[in-house]
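The figures that follow rest on heavy atoms only: side chains count, while hydrogens, waters and symmetry mates do not. Here is the naming used below: chain letters follow the sequence lines, and residue numbers restart at 1 for every chain.
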Amino acid sequence: MSNKPEQNFIIEGANCGSCVAKIEKALKSVQGANNVEMNFAERTVRVEGSVEQDTLIKAVENIGYGAKPMSNKSDQDALDEKAKSDDAHYKKLMRNMMFALGVGVPLMVYGLIFDMSVSTTTQRIAWFVVGIVTLMVMAVSGKQFYKGAWQAFKNHAANMDTLIALGTGTAWLYSMFVVIAPSLLPEVARHVYFEASSMIIGLISLGLAFEVKARGRTSQAIKRLIGLQAKTARVVRQGQEQDIDITDVQKNDHVRVRPGEKIPVDGNVIEGSSRVDESMLTGEPMPVSKQADDKVVAGSINKSGTLLFEATHVGHETTLANIINMVKRAQNSKPSIGRLADVISGIFVPTVMIIAVLAALAWLNFGPEPSIAYAVVALTTVLIIACPCALGLATPMSVMVGVGKAAESGILIRNGESLQTTSKITTMILDKTGTITQGAPQVTDVVTFNNADKNNVMQLVASLESSSEHPLAEAIMQHAKKQNVTLSKATDFDAITGKGVSGTVNGQTLLFGNKALMDKYEIAVDEATEQAHSFAKEAKTPMYFACNNQLTALIAVADPIKEDSAEAIKRLQNNGIHLVMLTGDNNATAQAVAQKVGIDDFIAEVLPQDKVNEVSKRQQQGEIVGMTGDGINDAPALAKADVGFAIGTGTDVAIESADITLMRGSLHGLADAIAISSATIGNIKQNLFGAFIYNVAGIPIAAGVLYPFFGLLLNPVVAGAAMALSSLTVVTNANRLRFFKPNKS
Amino acid sequence: MLMINILGAILIAAIIYWFWLYKPKQIQTDDNTVTIVVDNGVYQPGNIKVAANKQVTLTFNRKDSAPCAETVIFPALDISKSLAMGDDNKITLPALKAGEYDFHCQMQMYKGKLIAE
């Protein structure tokens with residue numbers, strides 16, 4: 001019975017948009033409930049006001065839906081809780097291990113020095129006592145295995161507990177049988193295996209304990225991301241500054257951050273200027289300067305000045321929260337490479353039980369004396385060594401570390417499948433603007449014809465382009481701003497895809513765009529041809545301007561190549577990836593840029609739909625195609641490619657639309673993504689191999705196939721150790737990936 | 001020896017019947033809402049009949065601290081969720097087409113099935 005000023009509920013049964021209005025209405029009708037806001041995507045609702053929790057739940061239930069109070073646990077709390085429960089589990093397993101090995105090790109040492117056979121009455125009494133002590137080990141340290149096995153058995157399921165319970169149970173029952181009725185067995189078979197039961201339980205508990213520890217480390221990336229979240233925020237409300245809990249920050253709150261503090265939520269800067277370290281989100285080491293109107297994101301660190309900003313995204317809506325969610329989702333998905341292991345482990349345990357019975361029968365029928373003892377050893381060993389848990393762990397552990405590793409480098413991978421495909425890419429298509437180049441073109445030259453005035457030309461072009469959203473328009477506007485041009489109103493504005501724009505300014509009909517636009521309107525451009533060619537050779541894009549159907553000016557715009565593009569392209573080529581550059585620019589400009597960065601294969605003057613066709617064409621040629629673009633106009637091609645890489649600034653759109661989002665602008669992110677993907681897939685393969693070897697090689701050896709040739713039969717204790725080691729090997733090998741560093745050369 | 005061999009063959013037949021051929025009892029839900037207890041290596045109930053074309057809400061009550069119990073996966077639906085200890089693990093599945101949907105832990109040690117009809 002709580003009575004809070006703000007309460008959050010999870011809504012059940014809301015399947016359609018119209019439910020939102022119904023639920024909000026029902027909650028608003030409750031006396032005392034003020035602001036009611038439902039998030040349909042998350043099926044959650046937030047209610048402000050002092051109302052009993054139960055009253056609100058009843059109001060929702062009365063109209064046929066369900067409501068459950070949302071857990072107030074923050075990600076950090078949930079993590080702390082998990083760490084605590086892992087720690088308790090670890091300690092319990094270690095206690096179990098110590099008791100079991102405390103009994104098992106002395107017994108095993110005794111067995112190595114003396115014979116563990118039962119012949120005299122004194123020996124029978126002594127071994128009976130040992131048997132009871134072993135039973136205590138099984139009941140205390142091994143309790144969880146037997147309980148699990150019984151539960152599974154009742155449900156017609158078999159799991160790793162089944163194998164452990166059967167293995168250790170067989171060894172103990174046989175030994176007890178030897179102690180109680182030795183006369184029923186041949187003299188050579190009167191041997192006890194109590195040490196095996198204790199040792200197996202001890203070793204498997206030790207393996208599990210190590211596994212609990214090592215698993216905790218694999219989710220380090222998520223922990224680090226969650227750790228980036230600030231705990232409090234300094235908000236300015238009614239002119240007063242106050243430190244409040246991060247969960248209480250509302251949209252539109254004004255938030256102040258001082259030098260050295262973490263940005264608590266996403267927002268737009270209102271006042272102040274500073275340099276902000278966004279490296280933990282983007283992988284970009286240099287701090288970025290921020291001033292009024294710039295965006296800041298939660299988790300980044302304010303370095304130099306004080307900033308006041310308006311909160312735009314809070315709580316689960318921040319970019320950081322989105323990233324954490326996406327990494328969690330991706331870490332939980334599996335690439336197809338792991339499916340085979342799934343199929344195998346699904347039918348594994350009953351199959352192993354059958355193999356164990358067959359092996360025991362084979363020893364009884366054809367084995368040397370004491371065949372019954374050999375049969376028991378083979379049965380126990382096969383059951384113990386066969387546990388497929390390492391197989392089940394092999395893929396998810398590596399994916400978890402790989403995806404986390406990528407996130408730390410500013411690479412967001414959507415799922416396990418794209419992680420796998422990335423390692424197989426043979427052709428990478430790169431969009432030029434914004435990918436290879438900075439995507440922020442600048443006007444470099446203005447050449448006029450027919451005695452036109454340069455200032456007048458800029459005034460007309462800028463007025464026309466003020467309605468356009470094209471990156472080139474931005475360059476024109478910047479240039480016009482520098483020259484203090486006063487804009488006029490443009491009418492009849494039309495953007496002609498892939499060609500340019502048209503419209504009317506001050507009663508004059510204007511066209512501004514590429515040669516294709518001029519051709520379309522049959523405007524003679526001969527006098528500009530030579531100049532256009534020479535611009536193109538310098539990697540400048542010539543734009544034609546026609547006023548009242550007469551060529552008036554040629555404006556050159558250049559988009560500077562990113563500093564490290566050439567170096568990153570070399571890295572990709574060194575990995576054997578064929579690179580193709582696509583651009584809407586003319587051939588000469590494209591050639592100049594391609595030459596500068598070292599790409600041989602390029603296609604100029606492509607329209608957005610041509611990019612998709614190019615991807616399809618290469619795919620039909622049998623290539624595994626990656627497409628890299630800056631997110632919005634490249635979206636169809638990104639979707640069509642085997643793996644789409646969006647060069648984004650961490651916006652929601654970019655995160656949602658591509659298979660992989662590179663948070664920083666540099667193409668090195670692309671090379672890193674491929675390197676991390678290859679390393680992860682390599683790691684999965686090693687894990688699968690490791691796990692298969694334990695099972696595939698271990699089972700026949702345990703069953704005794706080597707005995708006729710080398711006289712070799714595995715000891716059940718060795719099988720127990722091998723089984724514990726197999727999971728540990730897999731988890732440790734996956735953790736090794738955490739130290740992977742992409743080769744920068 | 002013959003007896004032992006016959007016993008062995010019966011044992012193998014019993015394993016095949018018990019784990020592969022036996023059709024476990026189904027639990028039917030009235031409102032497509034089920035609470036599944038994760039304990040001692042199994043999901044209980046583990047064989048659940050739900051209405052097709054209607055959203056399904058599953059609440060996993062995890063009592064088992066074993067690492068295997070930590071994640072539940074619905075491979076056909078591409079859903080994977082970490083389960084915290086306790087009963088606050090709610091998973092809302094989209095309206096399912098008629099058919100069988102397996103769910104299991106990462107290691108496939110814990111297994112369950114949803115039958116949408």
**Request:** Among the options A/N365, A/V212, A/D161, A/L93, pick out the one with the most heavy-atom pairs lying under 4.5 Å from chain B.
**Result:** A/N365
**Message:** Please classify the contact of B/K90 with chain A as side chain, backbone, both or neither, using a heavy-atom distance under 4.5 Å.
**Reply:** side chain
**Prompt:** So what's closer than 4.5 Å to chain A heavy atoms on B/L11: side chain, backbone, both or neither?
**Reply:** side chain
**Request:** Taking atom NZ of A/K91 as the centre, report whether more than 12 heavy atoms of other residues, nucleotides or ligands fall under 6.0 Å from it.
**Result:** no
**Message:** Let me confirm one number: the CG-CD distance from A/D86 to B/E70, rounded to the nearest 0.5 Å.
**Reply:** 6.5 Å
**Message:** Within a 6.0 Å radius of atom CE on B/M3, are there more than 12 heavy atoms belonging to other residues, nucleotides or ligands?
**Reply:** no
**Fill in**
NZ of A/K147 to CG of B/D64, rounded to nearest 0.5 Å, is 9.0 Å
**Interchain contact, A/F153 with chain B, by part (heavy-atom threshold 4.5 Å)** = both
**Item:** 4.5 Å side-chain heavy-atom contact, A/T351 and B/W20
**Value:** yes
**Request:** Quick one: closest heavy-atom pair of B/I12 and A/I354, and the distance?
**Result:** CG2-CG2, 3.9 Å
**Asked** Can you tell me how far the CE atom of B/M85 sits from the NZ atom of A/K84, to the nearest 0.5 Å?
**Response** 13.0 Å
